[in-house]
Amino acid sequence: MSCLGEGAVKVLVLPSLHTDALDILSALITTCGKRLLRFADVICRLFPQVLTAWATPRGSTPPGQERGHSGVRVTVYTVMETWLKVAGVASGVLQGAAHHPDILLSHLLSDVTPPSHTLQVRAKPAAEVQTGSYGKPYGKRARLGEVTDTSPVRGHHKQDLTANSDVCLAALRVLSRAVLACGSLLKEETHKKLQEMVLSLLMGLGRRSGEPSPYLRAQCRLELHRLLLFLLLVPNPHRPPPLHCAINTFSLGQQDSSTEVRHTHAHNYTHTHTPLHTHTP
């Protein structure tokens, strides 16, 4: 599935070819089931290869716009979730000491993390500052068509406040399924990164109201909380789960605008808070 070749061919032809090939793989997984376990290593190497081939630099897409080739990435995550459902702990996803689990994790974390909305300000070098007749500095006048800042150009496309929510939701489902199926076998560093990512995203959900984010979609928020719950239920033996932080998060989540998310938070809060305060005689 190499993407080397002419740019036009890559953009126009290869996405559909890769999507069709992934659909065939999904059908094979569904039909053959665990008989494909002997090819688990090949399948697990395939996922990060395709994601790397269709990766888009994070800074190249303005907030509120879909990242390029997101449809192919959604298909990859959908097939990966099917593989996890069929193979379970033997799937090999995010497991092992090889390099490809780390590459896969970096793609997953990138797709579930909203793009940064911080504006980049570039200071002018001192040599570019001229002095007026009264000694007051003034900058050079920009020429027509000259770009003097590094922020993305906006206004040419209508913003979608929930842009990239499909790929975000698909990646979250893969992470939830992987942690639930084989969380105790995942590396301690993997658990650390997932815990930090989930708690950081949950605590920042209400701080960027009005800005584009996939978490304006209730399903993404719901899946993010499911991932946190699974990190509590299936922790790494050498890294304790963030129980107290999770309880506070589930408590705050009961104020969510979505009824389904509120009910899920109430359920999670009850099941995590009660054991913590249960004392045996």
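In what follows, every heavy atom counts, from backbone to side chain, and hydrogens, waters and symmetry copies are set aside. All residue numbers in this chain count up from 1 along the given sequence. Predicted model, so just to flag it, every value in this text is computed and none were measured.
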Heavy-atom closest contact ([X] atom, [Y] atom, distance):
X: T52; Y: P48; answer: OG1-O, 2.7 Å
X: F230; Y: V179; answer: O-CG1, 3.5 Å
X: A40; Y: A90; answer: CB-O, 4.1 Å
X: R262; Y: S257; answer: NH1-O, 3.3 Å

Is the backbone of [Y] close enough, under 3.5 Å, to the side chain of [X] for a donor and an acceptor to pair up by distance?
X: H100; Y: Q49; value: no
X: T113; Y: S110; value: no
X: Y269; Y: T249; value: no
X: R177; Y: L84; value: no
X: T270; Y: A266; value: yes
X: N164; Y: P114; value: no

Taking W54 as the fixed residue, which of H69, H18, H107 is the one that meets the side-chain hydrogen bond (donor to acceptor under 3.5 Å, both in side chains) rule?
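With W54 as partner, side-chain hydrogen bond (donor to acceptor under 3.5 Å, both in side chains) holds for just one option, H18.
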Check: V79 and F47 side chains under 4.5 Å, non-hydrogen atoms
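Of all side-chain heavy-atom pairs linking V79 with F47, at least one is under 4.5 Å.
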Between K193 and E196, does any NZ, NE, NH1 or NH2 come within less than 4.0 Å of an OD or OE carboxylate oxygen?
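Between K193 and E196 there is no salt bridge, as every charged N stays at least 4.0 Å from the carboxylate O atoms.
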Check whether the side chains of R173 and S176 place a donor and an acceptor atom closer than 3.5 Å, and report yes or no.
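S176 and R173 do not have a side-chain donor-acceptor pair below 3.5 Å.
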Atom CG in D111, atom CG in D166: separation rounded to 0.5 Å?
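Reported to 0.5 Å precision, the distance equals 11.5 Å.
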Please say whether more than 12 non-hydrogen atoms of neighbouring residues, nucleotides or ligands are located less than 6.0 Å from CD in E260.
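Check fails, neighbour count at 12 or below.
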